[in-house]
Amino acid sequence: MILSPLSDMLLTDLKNVVSKPKKSIRIFEFLLLFFAIGAINTADAQQKSLIPYVQPFSGTSASTTLASQHIEDKTERLANTIPAVAPPFSMTQWTPQTQLTEKKCLAPYYYNNKKFYGFRATHWISGSCTQDYGSFTIMPISGRLKTEANRYAEDYVHENEVSTPSYYKLKLPKHQLLTEITATLRSGVMRITALKSDSVYIMVSPNSDQNKGFIQIDKKKGEISGYNPVHRIYQGWGEPAGFSGYFFIRIKKAFTSAGVYSEGNISEQQSISNKKDIGAYAGFKLQKGEQLIIYSGTSFTSIAAAKANLESEIKNEGFDDVLAQTNQSWEKALSQVRISDSNEKGKKIFYTALYHAMQHPRLYNDVDGKYSQFAGKYQNKTIDKGSYYDDFSMWDIYRAQLPLIELLQPDLANSFVNSIVLKGQQGGWMPIFPCWNSYTAAMIGDHATAFIASAYNKGIRNYDINEAYRLMRQNAFQMPDSADYLNGKGRRGINSYLKYGYIPLEDSIPNAFHKKEQVSRTLEYAYDDYALATIAKDLDKQSDYRELAKRALNYQHVFDRNVGMVRGRYANRNWYQPFYPDHREPYITEGTPRQYTFYVPHDMPGLIKLMGGKKKLENELDSLFAKKEYWHGNEPGHQIPFLYNYTASPWKTQLQVSRILAEEYGEGAGGLSGNDDAGQMSAWYVFAAMGFYPVDPVSGNYQLTSPLFKHTTISFNSGKKLTIQAIKKSKKSIYISKISLNGKVFTKNQLTHQTLTNGGKIIFYLEDHPIKK
């Protein structure tokens, strides 16, 4: 059982969650005061602080949710989140490290691992199956100096852990050290308390799996610095990415010893580079109760910038001061959505989901605006307005995670769009899946276009839309030259798509991480063409608009009316044989033909017509759920439960969404059913629990469902507020009988973005049984 973070802290070491506690107040007295206040007005206390609801361990072990138990492939039951400590959308997250490698699909922390190897300053994409990069690790030990990880690693137990979005604490019994960490946007501060008098060493290791990197130590100044070179993934895999993860560390206590090491070989030299398992150590003599404060700055441009980031964000502030600031950042972010309900479990899952949805995209620029040029070679640029971001897991997050940011923090979403436009300008082509500040061609689709169109159509427009359009149009209409294409630029298979109106099976898409998958690519390009068409129309580019609107119907070319589903097709228009609707097929991305048939979010009336009418769509949806073919653990089907809103039975959306909220999400380390994928899985929960979801985010419409909580209040940056109230006949009521919008009866199944952000009050009246009128 995992206690709520605040309860755990209060029971173990309250001083770590109270900024600068007065010495005259004893811990025991404060506990009595806290619980007395809580007994008088528990609800009010909960309203004041939302951080206690967040469970950072959620998703750090194999899923234990009800829905995940039928999944045979255990690797797909890993959410791959981490207990990240940092403000929202930070440059660097800080996490306890139970894995030494930066290899693909291995997160730095897993709940069921038994060894602790230190605190990693990580750039792991939360919930992904990618890889970490440019990280480094700080490990405190006591007694004799040991530099080999298998010798200094600490056995640890979860009873000694406390984790919140802004704070992590772990007691190390073998080393008799109490370790704590908190962080700012680009920097971290660690507090090490000696539980006995002993020699204490701080080990710092760049985490290069390539035997690259550099580290140096200055004993006189009390400083350690270095870098870990970043390498590309997918297209150009293993090649230098043109930048590094840089770090600067300052410890305000004289070193008694210092040196560097590699593979267990210790040297008193001041630096070491490009060898296996390199690191630096600093030694101290600590008395029982004495503390070390370790300040760390990070950057993607230089060691000097890492130092400047540290000096700007933390300077010489105490640990508790930094913690208080980061607590405040998270409270502000989480409190944009306030829930009033007795469903404590639901609130824990909700605010944990909101925490996971606010990890990425990643801040990339230093405090002075400097950042590593996209797809560059150790060249830097300076942003003149806003901030520059990267690590856009775009195939996943355009669906709900980025729309959630558009709703709650439009200015931040604007910076995201501007960052993507800058990448296109610097690299020559709009990136498909920009991560590691490089082209990747990692997944299918061209969803930077979908995201920009989604933001633009919601009035988020403080960037050069003409430049954005030029780059998006280039992706949609042109094939890069061979060198650029091999480098990951442009749409995969674009020539075939333009020639046939779909990608035939003869085009195996050899130059991509995901090869083949021709039908899924066709469907997703059709959606992106529709997205671009909406901007072309607004910019009065009529010729482009007509062509793109026509291409938005290309999904029809891979829909076989004879089987009522999408299907692989050859250039001669013959269908692929045999047809297995519920098998994973090479022409489908991470799914089946049945699952992907429902991916036409922009033209549901057209899909309904192809299928044979609304009743046929309803029957096909019924069949999908009856066969247990709906797979929530992956993104392509996330819109499916809401598609009943396009039939005569929207109550089935309410039924399926309520079931998914209950079965696919839970408490504890196994609380997510599959890869969280940079917060997309979590954003789905946030939207669905509030009672609406962006099936087609480009349109600015949200499909309605029954809200999970009695009262939800969304505070928009404009100052307006939207209250969502659910009046239930009983606790099990999930079916909508009536909706009231600002005092008037509302009869539609969807709301517009403008209606939501105008604020007001929506009341859902819920019954125990479906309303089948």
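We use all heavy atoms of the structure for the numbers below, so side chains are in, but hydrogens, waters and symmetry mates are not.
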Checklist entry - Between Gln325 and Glu317, does a side-chain hydrogen bond (donor to acceptor under 3.5 Å, both in side chains) hold up when you go through it step by step? => result CA-CA 11 Å; Gln325 293 168 18; Glu317 290 183 355; 2.9 Å; yes
Next on the checklist: Using the side chain to side chain contact (heavy atoms under 4.5 Å, CB included) criterion, which residues pair with Glu311? Sequence neighbours excluded.
Outcome noted: Arg250, Lys307
Item to check | Residues that Gln328 engages under side chain to side chain contact (heavy atoms under 4.5 Å, CB included), provided they are two or more places apart | outcome: none
Checklist entry - Under 3.5 Å, side chain of Asn80 to main-chain N/O of Ser128, donor-acceptor pair present? => result yes
So, [X] versus [Y], ring centres under 6.0 angstrom or not?
{"X": "Phe284", "Y": "Tyr281", "value": "no"}
{"X": "Tyr389", "Y": "Tyr364", "value": "no"}
{"X": "Trp330", "Y": "Tyr355", "value": "yes"}
{"X": "Tyr111", "Y": "His158", "value": "yes"}
{"X": "Tyr152", "Y": "His175", "value": "no"}

Checklist entry - Does the pair Asp366 and Thr301 meet the rule for a side-chain hydrogen bond (donor to acceptor under 3.5 Å, both in side chains), with working shown? => result CA-CA 8 Å; Asp366 300 321; Thr301 63; 2.6 Å; yes
Checklist entry - Would Asp677 and Gln401 satisfy side chain to side chain contact (heavy atoms under 4.5 Å, CB included), going step by step from the backbone distance to the final call? => result CA-CA 10 Å; Asp677 285 319; Gln401 190 263 348; over 6 Å; no
Checklist entry - So Asn380 and Ser372, side-chain hydrogen bond (donor to acceptor under 3.5 Å, both in side chains) or not? Walk me through it. => result CA-CA 4 Å; Asn380 296 325; Ser372 175; 4.6 Å; no
Are [X] and [Y] ion-paired here, with the side-chain N under 4.0 Å from a carboxylate O?
{"X": "Glu290", "Y": "Lys285", "value": "no"}
{"X": "Lys103", "Y": "Asp132", "value": "no"}
{"X": "Glu154", "Y": "Lys174", "value": "no"}
{"X": "Lys220", "Y": "Asp218", "value": "no"}

Next on the checklist: Looking at every non-hydrogen atom in both residues, tell me the closest pair between Ala153 and Lys115 and how far apart they are.
Outcome noted: CB-CD, 4.1 Å
Checklist outcome for this item: Residues Ala282 and Ile217: closest non-hydrogen pair is CB-CD1, 4.2 Å
Checklist entry - Where do Gln176 and Ser142 land on the side-chain hydrogen bond (donor to acceptor under 3.5 Å, both in side chains) test, with the steps shown first? => result CA-CA 7 Å; Gln176 282 296 286; Ser142 66; over 6 Å; no
Checklist entry - Going by heavy atoms in the side chains, are Met190 and Ile138 under 4.5 Å from each other? => result yes
Checklist outcome for this item: From the list Ile349, Asp676, Leu672, Thr81, side chain to side chain contact (heavy atoms under 4.5 Å, CB included) with Ser58 holds only for Leu672
